[in-house]
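Notes for the one structure printed next.
FYI, side chains are in, hydrogens and waters are out, and symmetry mates aren't considered; it's all heavy atoms of this structure. These numbers come from a predicted model, not from an experiment.
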Amino acid sequence: MKLDFIDLGNLSIAAANMRGKGKDPDVTDLLPSIRARGVLVPLLVRPNCSEGRFEIVAGRRRFTAVGAVAREGGAVRPIPCAILDEGDDADALEASMLENLARVQPDEVSQWEAFVALVKAGRSVEDVADSFGFEPRAVKRILALGNLLPRIRTLYRGGEIDAGTVRHLTLASKSQQKSWLALFDDEGAYCPTGHQLKAWLFGGTAIAVKHALFDVADARLAIVSDLFGEDSFIADSDAFWSAQMAAIEARKADYLEAGWSDVVIMARGDWFRSWDYAHAGKRKGGRIYVEVRESGEVTFHEGFVTTKEAKRLSGGGGEDSDAVVGKPVRPEVSGPLNAYIDLHRHAAVRADLAGHGGVALRAMLAHVIAGADLWRVDVEGQRAPKEDIAESVETSSAETAFDLKRRAVLAVLGFDEDTPTVTGRPLNRPPFAPLFARLLDLPDPVVLEVVAIVMGETLQAGSEAVEMIGLHLGTEMRQHWSPDAAFFDQLRDREVLLAVVGEVAGPEVAAANAGEKGKALKAIVSDCLEGANGRAKAEAWVPQWMAFPPASYTTRGGVGSVNSAASVRHELAASAEVAEAQEGDGEEHPPLAA
C-alpha cells in the first residue's frame with residue numbers, strides 16, 4: 001500500500017464498495033469541512049483497468065462531497081488516497097465494511113451484500129465475524145437474507161417490513177414469498193405479519209422439530225429453519241403426524257408391557273384437566289393419559305384415575321380399597337360435543353365479561369403473570385453490552401426504587417419476596433385460578449399497583465412505549481440519574497464532548513478548548529459537574545439524549561432514543577390527521593356501546 005494524491009476525474013466507485021449501489025449518500029455533515037479544508041483522511045483505492053485511474057473501495061461519502069463542491073464551482077485539489085495492491089477483492093470488501101461500520105451504520109441488506117461477496121471471495125463465516133466484531137450467529141442471520149426475494153430485501157431495507165416479519169419470511173419458499181408479496185400489494189387483502197405469518201406459512205399451527213418423538217433425520221422429513229437458525233419446523237404436517245402417532249403407539253405398547261392397566265390417547269387438541277383426575281399407582285389401576293397438542297407437543301401423564309374412581313377407591317375400605325379399576329367406560333359426550341359445549345360457554349362468558357372491565361383487568365393481569373397458551377409476554381432482560389453498564393443500571397436509584405415496590409407486590413400476591421420478577425417465567429409460573437382469585441380479593445388501587453410493576457417488568461428498553469409513557473408522566477431524569485464512570489467511559493465522540501462542554505461550562509470555554517483531546521474535555525466536564533478546580537458547579541446536568549423528549553447534539557443522528565421519539569411524533573401526527581379528517585366528514589361517531 002502506498003499514499004498518493006489523485007485527481008477527482010481519475011476516481012470512480014468500486015463494485016466492492018459497501019455503499020457502491022443506490023443513490024448518492026447524504027453528505028451535508030461533511031460539506032462544510034470539505035469546503036474549508038478539503039479531504040484530510042485518505043480514501044482507500046485500488047487500480048482499475050485503465051491506466052492512471054483508480055476505483056474507491058472506502059470513502060464514497062468524502063468522494064461525493066468533493067464532487068458536490070466541484071459542482072458548486074469551488075476549488076478542488078487532488079484527493080489523498082491510500083492505494084491497495086491489485087486483485088484482492090476480499091481485502092477491499094473488508095476495508096470498505098470496516099470503515100462504514102465505524103462511521104455510519106449500514107442497514108442489514110447492505111451488510112448482506114458485502115458479506116455474500118466476502119464469502120464468495122473465500123472468507124469463512126468465522127473470519128467475517130472476527131473481522132467485524134460480530135457473533136458468527138449474527139453473520140449467519142444476515143447471510144440468511146439471501147433466502148428472500150430481492151423485492152422483500154428492498155422493502156426491509158426501506159423499513160416497510162419489520163425484523164420479525166423478515167425472520168419468518170426466511171422460512172418461506174419462493175412461491176410463498178411471491179404469494180405474500182401479492183397480499184402485501186393488495187390494499188383490500190389481509191397480509192399476515194409477525195407471528196401470524198408463521199401460521200399462514202404452515203397452513204395453521206407451526207410444528208416445531210423439537211416436539212417430535214421420533215428421529216426426524218431418519219424419517220427424512222422436510223425441515224425449514226428461521227433467520228437465526230435456532231427454531232426449526234416441519235414442512236409436511238401430515239407426514240409429521242403419521243410418524244408422531246406411530247411413535248405414540250410404540251410408547252403405549254411399552255407402557256402396557258410394563259404392567260400399566262391402560263393407556264388413553266386423548267383426541268388431538270383435548271386438554272388433560274388435572275382437577276378431573278387423581279394420582280393412582282400402577283397396582284391401584286392407574287392409567288397413562290397421553291395429551292396431544294395441535295402444536296405437535298405430547299405429554300405423558302403417568303399414574304392417574306378419574307376423580308370419581310379415586311373416591312370409590314378411598315371410600316370403600318377393606319378389600320375394596322385395593323380393587324383394581326376396570327377399563328374406562330365410554331364418556332358421556334363425544335369430542336365434538338365437548339367442543340360445542342366449550343365454545344358456547346366461552347361465548348357466553350366473553351359476552352358478560354365485556355361489561356365488567358374490573359374483572360377483565362384482573363384476568364388479563366393473571367394471564368400476564370401466570371402465562372397462557374394464547375399469550376406470550378417476556379420480561380425485559382436489561383441486557384447490557386458491558387459489565388460496567390450492567391452494574392451502573394443495577395445500582396441506580398431508579399432500579400432500587402422499582403425493586404422496593406416490586407417486593408411489596410410480591411408480598412401482596414403471596415409470592416416469595418426473593419423471586420426476581422412478579423411476571424412468571426416458564427419454570428415458575430403460578431396457576432391462573434388461585435392468582436385470579438387473589439386479584440379479585442384486592443381493591444382497585446392495589447390491583448393498579450400490581451399492573452404498574454408488571455408493566456414495568458415487560459416494558460421494552462429503547463421502545464416507543466418508553467418515550468410515550470415518559471412524556472406523559474413528565475419523567476425528569478435529574479431525579480433518577482447522575483453521571484458515573486460507566487457513562488464517561490462510553491462518551492468518546494469529540495464533537496459531542498465539545499457540545500457537552502458548551503452545556504456545562506459555557507460556549508466560551510468550549511471555543512477556547514476546541515483543539516483539546518477527548519480526555520481533557522472529559523476532565524472539564526467532570527470538574528464542572530463536581531465544582532472542582534475552580535470551575536462553577538453545573539447543577540443536575542442530563543445529556544440531551546436522556547431527556548424526555550430527547551435531542552441529538554449533531555446532525556449525524558444514530559441515537560436510539562431520538563429515533564424512537566421521532567417515530568412517536570410521526571405516529572401522533574398521522575393519528576391527528578386521521579382524527580381531523582373524521583371530524584370534517586360531517587358524520588357523528590357514536591360511542592362504542594350503549
Side-chain angles (χ1 to χ4, degrees), residues 183 188-208 211 237 241 264-277 289-299 301 304 306-308 328-378 413 423-424 426 429-444 447-448 450-451 454-455 458 588-594:
L183 293 175
Y190 165 71
C191 182
T193 57
H195 290 289
Q196 288 80 12
L197 177 57
K198 189 194 299 182
W200 180 83
L201 289 172
F202 292 95
T205 303
I207 301 174
H211 294 324
S237 61
W241 282 115
V264 180
I265 301 175
M266 304 172 69
R268 192 192 308 174
D270 282 0
W271 290 84
F272 180 82
R273 297 178 172 87
S274 58
W275 54 86
D276 288 335
Y277 299 89
Y289 287 86
V290 186
E291 184 180 19
V292 185
R293 302 280 181 87
E294 293 288 356
S295 63
E297 185 177 2
V298 178
T299 305
H301 300 278
F304 285 92
T306 65
T307 51
K308 289 184 179 179
V329 297
R330 187 174 63 185
E332 185 174 334
V333 297
S334 64
L337 181 54
N338 253 325
Y340 177 92
I341 295 167
D342 289 343
L343 289 173
H344 274 285
R345 296 177 78 242
H346 170 267
V349 170
R350 186 160 66 174
D352 284 350
L353 185 62
H356 294 81
V359 175
L361 174 64
R362 287 161 170 81
M364 181 181 294
L365 188 55
H367 264 332
V368 174
I369 296 174
D373 290 313
L374 298 181
W375 290 59
R376 175 181 171 83
V377 180
D378 295 324
L413 295 178
T423 310
R429 280 178 168 162
F432 174 88
L435 179 58
F436 180 54
R438 175 59 178 154
L439 290 170
L440 288 174
D441 289 338
L442 297 177
D444 287 352
V447 171
L448 291 178
V450 179
V451 170
V454 171
M455 185 64 247
T458 57
E588 293 186 0
H589 298 275
L592 289 176

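- Leu439 is listed as a side-chain neighbour of Leu413, based on a closest heavy-atom distance under 4.5 Å.
- Within the structure, side-chain hydrogen bond (donor to acceptor under 3.5 Å, both in side chains) pairs that include any residue of residues 350-363 comprise Arg362-Asp444 (at least two apart or interchain).
- Among residues two or more places apart in sequence or in another chain, the salt bridge (charged side-chain N to carboxylate O under 4.0 Å, His left out) test is passed with Asp441 by none.
- With sequence neighbours left out, the side chain to side chain contact (heavy atoms under 4.5 Å, CB included) criterion links Pro434 to Pro431.
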*Should Trp241 and Arg268 be marked as a side chain to side chain contact (heavy atoms under 4.5 Å, CB included) after you check the CA-CA gap, both sets of side-chain angles, and the distance that decides it?*
CA-CA 10 Å; Trp241 282 115; Arg268 192 192 308 174; 3.3 Å; yes
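- Every residue two or more places apart in sequence or in another chain was checked for a side-chain hydrogen bond (donor to acceptor under 3.5 Å, both in side chains) with Thr299, and none qualifies.
- Annotation: ring-ring contact (aromatic ring centres under 6.0 Å, His included) contacts of His344 (sequence neighbours excluded): Tyr340.
- Under the 6.0 Å cut-off for aromatic ring centres, Phe304 and Tyr289 do not qualify, their centroids lying 6.0 Å or more apart.
- Every residue meeting the side chain to side chain contact (heavy atoms under 4.5 Å, CB included) condition with Val290, not counting sequence neighbours, appears here in chain and number order: Ile248, Val263, Ile265, Ile288, Val292, Val298, Phe300.
- When the salt bridge (charged side-chain N to carboxylate O under 4.0 Å, His left out) test is applied to Asp342, the partners found at least two apart in sequence or on another chain are Arg273.
- Exactly one residue among Val368, Leu361, Ile369 makes a side chain to side chain contact (heavy atoms under 4.5 Å, CB included) with Val450. That residue is Ile369.
- Every side chain to side chain contact (heavy atoms under 4.5 Å, CB included) that Met455 has, sequence neighbours left out, goes to Thr458, Leu459.
- Taking Asp378 as the reference, Arg376 meet the side-chain hydrogen bond (donor to acceptor under 3.5 Å, both in side chains) condition, with sequence neighbours excluded.
- In this view, Leu353 and Val359, Ala360 satisfy the side chain to side chain contact (heavy atoms under 4.5 Å, CB included) rule, not counting sequence neighbours.
- Checking side-chain atoms of Glu291 against main-chain N and O of Phe272 turns up a donor-acceptor pair under 3.5 Å.
- Atom CE of Met364 has 12 or fewer neighbouring heavy atoms from other residues, nucleotides or ligands inside a 6.0 Å radius.
- Residues passing the ring-ring contact (aromatic ring centres under 6.0 Å, His included) test with Phe432, sequence neighbours excluded: His367, Phe436.
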